[in-house]
Number of protein chains: 2
Amino acid sequence: MTFWLPVSGEPDHQYDGVWRVTFPRVKALDDALVNRITAAYAHRMAATIRDVARAAGVSPATVSYYLNDTKPLTAETGRRIEKAMADLQFRRNPVARALASRRSRIIALAYPFGVGHESYSARQFIVGAARAAAALDYNLVVWPVEDDGLELAKLAEQGLVDGVLLMDVRDDDPRVDALAKIGVPAALIGRTGDAVTLPYVDIDFDASVRLAADHLLDLGHRRIVLVNGDPDQGNLHGYGPYYRTEGAYRNLMGEWGLEPAVMLCGQTVVAGRAAAGRLLADFPDATAVIVMNELPAPGLTAELIHRGRSVPADISVMSLYSTVNVAAMSTPNLTTVTTPGTELGALGVEALLKHLGGFPVPPVLVTGRLVIGASTGPRADAA
Amino acid sequence: MTFWLPVSGEPDHQYDGVWRVTFPRVKALDDALVNRITAAYAHRMAATIRDVARAAGVSPATVSYYLNDTKPLTAETGRRIEKAMADLQFRRNPVARALASRRSRIIALAYPFGVGHESYSARQFIVGAARAAAALDYNLVVWPVEDDGLELAKLAEQGLVDGVLLMDVRDDDPRVDALAKIGVPAALIGRTGDAVTLPYVDIDFDASVRLAADHLLDLGHRRIVLVNGDPDQGNLHGYGPYYRTEGAYRNLMGEWGLEPAVMLCGQTVVAGRAAAGRLLADFPDATAVIVMNELPAPGLTAELIHRGRSVPADISVMSLYSTVNVAAMSTPNLTTVTTPGTELGALGVEALLKHLGGFPVPPVLVTGRLVIGASTGPRADAA
DNA sequence: CTGAAAGCGCTAACAG
DNA sequence: CTGTTAGCGCTTTCAG
């Protein structure tokens, strides 16, 4: 079996004791080699539950009860088991436990990795989810899969994981259907359309947009343009963050009696640069702009300055759903409402596990944090 | 059991049908709840190898041989098994397989998540590793653990995984010792000190620095400053990328008969800004600078411009080990030699699996890609 | 080339 | 409160 990494360029290998590889197309191990792998999982030589039982003078079942706290035991019995376990350096075997209990205690994080999903906060989601899982004695496997659900189905139907946490969900997400057909439980980061049947956690778009807009309104701005993501680029129709953010923005503008102004922009730095020209042409009276997602904002800001506008004196830029580090890269460093990635990852795991436990799981919406930078300031032409 | 996410700010919850959470301290499920989780791993109702054997008129062992290609079978037998599997929609149970074979076919990616490790290419490593693992029928669990090896030891000694891939390794890495003591096989992305006993893949620092420096030399620059990472910040003493990059740089300068000039800088955008002042003060004759890692470079560039220097007319900036997206965020967009994250992740998995198979694994060094931006240009004061 | 049989280490009824 | 007893589904000698 061979697989190719999604990297450009031709392979160029040299060997002189070590391999030196430039832009590799990676040819992986073949089947035969993989089959010959001999190392066992680390646990192999450890004492078993039977050894412990024997040493403690109880039955294996009793040890199991103690381990799982699944039946009440006398303190004395517990103490003897505890001692035996310590003496024998007992470590329970998670694989055997999984087989017998029919629960692997492994969950998967499925996240897309194609165009339009190049969010740098991806790392935060993974860290949040993995650490939450670890704290709950679960393991998190990572499945970077295509949007279409095919790869996901293949992985899920292997039956290793107890459940799947889906990232970057769309209204009509093929991955959801794929999992449903296989019968693997799932929870969502993001949501599907109106009839959300699965547990989910998501950004609180209303609150986040309000946080962003209020800051601008407080500074006196009245002509605030939203630079939203473009669903036509990267096939992101029905992508919640786009239309929910726009909805929140329009509501808010309505609430304040202001005219909404929306333009679309691809999710790259370069697209952000290009958007600057359109912004100035189409909305010459804009004094502030809210830019969706972390990549376009730096590009747009840079290009505004390049075209002779001063930020924030002429126009304030608010970066919506970015990270502190990315926001700091621009000059001036950007004011942003962050993506609560760590929180969503952790809360997503929590939702999934509650769901696996058969508990009702109310939706959770998390608001980003307003981090004030130097790209927003008082409206210059204030009446 | 309760755990706190590493997020700042106080919890602020509201419930009105959905939870609305701001800056949450996440309180996770308690033990009792986790114990009550009932969902089984997805496989539970599927046909077993016995069913297949019965349907095919062979023994379970034969089916196993067929599945694993572990003994030669007649074509006819294979065909019958194949048909039975299809009829019954057979899916082998990975947990049972793991128990019997003593191999879980799960490997872990351990990566640090503390200060100094906030690389945005982390996502690429994970994607590369996870997809390589999947291609080889392995699963990758993610363990974001502290540098000290304690958390890692706790996870590894559970015995779920067949091996561990360590990211961001240092010369004297406690995590390596921790794994050795437990007896869990490991491979490295990065390397330990001189006596590297474990298989590793790493950046080809010599080649990458040469790629960066050659570009600048070709443009006529002769006074090229290296802005290296500061090991005192984030406790990164013995961190290979720092001293290997510096070594490569010094060699190269020697080779060209140029005077090396090195300054240190923390791994944040803000530190990069601060470094600009020192650069101008300490090396007023510099016409080009090579900046280590993706965060400081944008800061340094911005501050140089802020101080009235023109990039690249007055000074060229080369961002070493960044990503295309981050490099594009600056104005001018930065020339960079990338971190080959995807490649290293995939090659690391390959190295680990070969190691598990008992095969010799020669080291692999991968060179980044030179992506030319607008931050480097011909030396202005060329004689 | 195929099969019988003995587990892998743990859990979970069911008894007592 | 504790023990007995079957497995969970697959792999892997060891025979034939």
Side-chain angles (χ1 to χ4, degrees), chain A residues 35-38 40-54 56-81 84-85 88-105 137 158-160 162, chain B residues 35-38 40-54 56-81 84-85 88-105 137 158-160 162:
Chain A
N35 277 338
R36 254 174 269 131
I37 290 175
T38 53
Y41 50 77
H43 213 89
R44 77 201 124 170
M45 313 218 41
T48 76
I49 214 172
R50 294 172 78 117
D51 301 327
V52 173
R54 190 161 26 229
V58 298
S59 81
T62 304
V63 177
S64 176
Y65 298 149
Y66 179 76
L67 251 20
N68 297 312
D69 194 20
T70 177
K71 287 204 179 168
L73 299 180
T74 58
E76 170 55 19
T77 306
R79 227 168 288 125
R80 295 225 307 279
I81 292 173
M85 293 199 304
L88 297 170
Q89 302 209 53
F90 172 75
R91 305 254 150 243
R92 73 209 299 195
N93 181 327
V95 177
R97 181 148 92 118
L99 180 61
S101 68
R102 309 175 132 274
R103 288 192 282 125
S104 65
R105 295 181 162 257
D137 200 23
Q158 315 239 106
L160 175 67
D162 292 338
Chain B
N35 278 338
R36 252 172 270 133
I37 291 176
T38 53
Y41 50 76
H43 214 90
R44 79 201 123 172
M45 314 219 40
T48 76
I49 213 173
R50 294 173 76 118
D51 301 328
V52 173
R54 190 161 26 228
V58 297
S59 80
T62 304
V63 177
S64 175
Y65 300 148
Y66 179 78
L67 250 22
N68 297 311
D69 194 19
T70 177
K71 287 205 177 167
L73 299 179
T74 58
E76 170 55 19
T77 307
R79 224 169 290 123
R80 293 226 309 279
I81 291 172
M85 292 199 306
L88 297 170
Q89 303 208 53
F90 172 75
R91 304 258 150 237
R92 73 210 299 197
N93 180 327
V95 177
R97 180 148 92 118
L99 181 60
S101 66
R102 310 174 131 272
R103 288 193 282 124
S104 64
R105 294 180 163 258
D137 201 22
Q158 314 238 109
L160 174 67
D162 292 340

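Residue numbering restarts at 1 for every chain, and letters A, B, ... go by the order of the sequence lines. Since the structure is predicted, the reported quantities are computational estimates derived from the model, not experimental observations. These values consider heavy atoms only, across backbone and side chains, with no hydrogens, waters or symmetry-generated copies.
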Would you say a side-chain N or O of [X] is under 4.0 Å from OP1 or OP2 of [N]?
X: A/N68; N: C/dT11; value: yes
X: B/R103; N: C/dC8; value: no
X: A/S59; N: D/dG3; value: yes
X: A/R92; N: C/dT11; value: yes
X: A/T48; N: C/dG9; value: no
X: A/T77; N: D/dT2; value: yes

[atom1]-[atom2] distance between [X] and [Y], expressed to the nearest 0.5 angstrom:
X: A/S101; Y: A/D162; atom1: OG; atom2: CG; result: 8.0 Å
X: A/D51; Y: A/Q89; atom1: CG; atom2: CD; result: 13.0 Å
X: B/R79; Y: B/L73; atom1: CZ; atom2: CG; result: 12.0 Å

Check every atom of [options] against the side chain of [X] and return the nucleotide holding the closest atom.
X: A/T62; options: C/dC10, D/dG3, C/dG3; answer: D/dG3
X: B/L99; options: C/dA4, D/dG9, C/dC10; answer: D/dG9
X: B/S101; options: C/dG9, C/dA12, D/dT11; answer: D/dT11

In whole angstrom, give the distance that lies between atom [atom1] of [X] and atom [atom2] of [N].
X: B/R54; N: D/dC10; atom1: CZ; atom2: P; value: 12 Å
X: A/R97; N: D/dG9; atom1: CZ; atom2: C1'; value: 19 Å
X: A/L88; N: C/dC10; atom1: CG; atom2: P; value: 12 Å
X: A/R50; N: D/dG7; atom1: CZ; atom2: C1'; value: 13 Å
X: A/I81; N: D/dG3; atom1: CD1; atom2: C1'; value: 12 Å
X: B/L73; N: C/dT2; atom1: CG; atom2: C1'; value: 8 Å
X: A/R79; N: D/dC1; atom1: CZ; atom2: P; value: 14 Å
X: B/L67; N: D/dC10; atom1: CG; atom2: P; value: 8 Å

Can you pull out how bent the helix from C/dC1-D/dG16 to C/dG16-D/dC1 is, comparing the axes over its first five and last five pairs, to 10°?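 Helix axis angle between the two ends: 30°.
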Could you tell me whether [X] contacts a base, only the sugar-phosphate backbone, or nothing, with contacts defined as non-hydrogen atoms closer than 4.0 Å?
X: B/V63; answer: nothing
X: A/G57; answer: sugar-phosphate
X: B/T74; answer: sugar-phosphate

Smallest separation among heavy atoms of A/S104 and A/A98, with atom names: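 Minimum heavy-atom separation between A/S104 and A/A98: CA-CB, 3.6 Å.
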With a 4.5 Å limit on heavy-atom distance, are the side chains of [X] and [Y] in contact?
X: A/T77; Y: A/I81; answer: yes
X: A/R97; Y: A/I49; answer: no
X: A/V52; Y: A/Y66; answer: no
X: A/Y65; Y: A/V58; answer: no

Not counting sequence neighbours, which residues clear salt bridge (Lys or Arg N to Asp or Glu O under 4.0 Å) with A/R50? List them please. none
Please enumerate all protein N or O atoms sitting under 3.5 Å from an N or O of nucleotides 14-16 of chain D, with distances to 0.1 Å.
from, atom 1, to, atom 2, distance (Å)
D/dC14, N4, B/K71, NZ, 3.0

Quick one: do B/R92 and B/N68 satisfy side chain to side chain donor-acceptor pair (under 3.5 Å)? Show the steps, please. CA-CA 11 Å; B/R92 73 210 299 197; B/N68 297 311; 2.6 Å; yes
